[in-house]
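What you see is a predicted model; the values in this text were computed from it and never measured.
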Amino acid sequence: MIFKLIQNEWMKIFNRASTYVMLALMVVFIAGTATFTYYTQPEHGVVPSKEKWTSELNKKNEQYDKEKTHANYYVRKNAVNQQAINNYRLQHDVSPYELTNVWKYMETNKNLIEVLAIFSIFMGASIVAHEFNQGTMKLLLIRSASRTQILLAKYLSTLIFVTGFLIVLFGLSYLIGSILFGFEGQSVYLTSVNGEVIERSRMLFIGASYLNSSIELLMLTSFAFMISTLFRSETASIVISILFLFMGERITDILALFTDWAKYLLFANTDLNAYFEGGPPVAGMTLTFSLIVLAVYLFIFMSLSFYFFKKRDVSI
Amino acid sequence: MKPILSLKEVNKNIGQDHIVKDLSFDINPGEIFGFLGPNGAGKTTTIRMIVGLTSVTSGSITINGWDISKNYKQAIAQVGAVVETPELYNYLTAEKNLIHFGRMSENVTKEDIKNRLDLVGLRGVRQQKVGKFSLGMKQRLGIAQALLHKPKLLVLDEPTNGLDPAGIREMRDHFRKIAQEEKIAIMISSHLLSEVELMCDRFAILQEGRMVKTEKISEDRDDKIGLYELEVDQINRATEILLKQFPQLSVNVTQEEKIQLRVTKEQLGEINALLVKEQIVLYQTTLVKQSLEERFLKATNQGGYR
């Protein structure tokens, strides 16, 4: 039964205009970043000389020395990490100016995951609320499929949709990147966690960061899904979830300045990339801690959704 | 005969409000049952309970022997419903809408979908998106959707909304055919009383959540007052005599020169005898069936016979 229900959701998703609008927008954005990156990439001849970038890095390091005693934790953290990377470059003769290759381009396109986050919210918010708005929900519920099955099918379909979109973004970026920019250039990536510099393979780093982003997408989608199940209004769920997306991180950052309790907030934990790059938003957090917090949030979101969807009367 | 739908002392409270009060009735296979009542009487709430959209506060609803509270899945599998305007997926074609709902039940084949489209006369437009359909076409597709999984009970909330007179007649014939051929019980709620009258075998009137009255449409009980029309040769003299002998009666003369009066069968016998005695020729006596609308108004205005 659940398979047939997912098939139904899939049929509905692919017959709605909004799906194609989102796909088209994503293609336009990818074309945009490709065009921009293509015309701004450094040419072979104009890559700055070693003398030039050495003096630049030294100058920056002096600036970071001052910032290392700054009152703000973020400023301090950033200064320590950036300085460590700069020192590593000076010691190992790794230029900060690199040729644009497919991996560099894909790193740029990581920003498009924010766009995908909005699409995921739209999907999570509309898949339940749209049926309430259109009145079709009652026709779903007066059949022998249980409410739990119907909601589960909708949730799984949303996750498949978001995963599919992430694969489209990753695949298209890789395809366009390899055609336009090729594989030439640096293949290592420097990152620093708590002042310790790590040299990573660009390819692995990109793969890992797209995967990490999918955790954030999962949490946002689930949140929007919950709001849409509870409020049954498409507009309300989209607005609340998008506000949540844009305000959540800022509010978490601000609260983190005042209290350690901020580490229990959802957005303090959604960016798992922080553990591989720069360090966590609140000192003392670990990857395991974040995964547990995320699991608890996910459990709460889903419990509320399923409980209320099952229990509440449906008006006509 | 085992009833298909059986409500026993069903109550529904929403907060402080007592929406449905001790409602009990049965619907038999092959029967078309009219469910009437003014707005806010609790008709829609009752239908919502029958199709499982709303919980039952107390009492029991059984569908083909399955209790909706205890065996929800089996009970609901016996029900097909069109609740108010059928809201279908406007962005899907008629056929895809049926495929969608067909997947939600077991044993719905492609053949079934074709048959239902034929039944409601939408086969020719099955590839069109429902958004382009007229209200009447949507209503018909809604009925096809409700019949897809061969239910034992068909629940229709205001099924003639948005249909033109020809469409209403057609739908009425469909309902009759379906009820008889497939031994389905059909429950129709409507405010168009004349429609229900033409369609239904039996009806119930609901007021303020309580059953005011349930009775058969075609049969009038002996003790009931009926409206009769008498065709006589000397109309003025007959009227005079009747008014003299039965001063409590209201006697009207219609445009077709017939005497109309409301009497019981016994009274009619007496009138007959009287007219014969007075040597007035009585050509014809007809029972003008009391229209449902009249009974409906009577039942609800008087607060009902309890």
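Distance OG/A:Ser144 to CD/B:Gln74: 9.5 Å, rounded to 0.5 Å. The structure places OG of B:Ser105 at 8.5 Å from NZ of A:Lys4, a figure rounded to the nearest 0.5 Å.
Heavy atoms from other residues, nucleotides or ligands lying under 6.0 Å from CZ of A:Phe299 number 12 at most. Residue A:Phe231 qualifies as open at atom CZ: its count of foreign heavy atoms under 6.0 Å is 12 or below. Dense packing is recorded around CG of A:Asn111, with more than 12 heavy atoms of other residues, nucleotides or ligands lying under 6.0 Å away. Within 6.0 Å of the CH2 atom in A:Trp10, the count of heavy atoms belonging to other residues, nucleotides or ligands exceeds 12. By the 6.0 Å contact criterion, CZ on A:Phe14 is enclosed, its count of non-hydrogen atoms from other residues, nucleotides or ligands being greater than 12.
In this structure, the side chains of A:Ile142 and B:Val79 stay at 4.5 Å or more apart for every pair of heavy atoms. A heavy-atom distance below 4.5 Å is not found between the side chains of A:Asn15 and B:His100. Side-chain contact between B:Met104 and A:Leu5 is present, with heavy atoms from C-beta onward closer than 4.5 Å. Between A:Arg143 and B:Ile76, every side-chain heavy-atom pair lies at or beyond the 4.5 Å cut-off. By the 4.5 Å heavy-atom criterion applied to side chains, A:Glu131 and B:Tyr89 are counted as neighbours. Looking only at side-chain heavy atoms (C-beta outward), B:Arg48 and A:Lys138 stay at 4.5 Å or farther from each other. Counting heavy atoms from C-beta outward, A:Met11 and B:Arg103 have side chains that approach closer than 4.5 Å.
Both the backbone and the side chain of A:Lys12 come within less than 4.5 Å of a heavy atom in chain B. For chain A, the nearby part of B:Leu92 is the side chain; its heavy atoms alone come within less than 4.5 Å. Contacts of A:Leu140 with chain B are made by both backbone and side-chain atoms, with heavy-atom separations under 4.5 Å.
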Note to self: Run the side-chain hydrogen bond (donor to acceptor under 3.5 Å, both in side chains) test on B:Tyr91 and A:Gln134 for me, step by step, so that the C-alpha distance in whole Å, both residues' side-chain angles and the decisive distance to 0.1 Å come before the verdict.
What the structure shows: CA-CA 11 Å; B:Tyr91 52 88; A:Gln134 299 297 304; over 6 Å; no

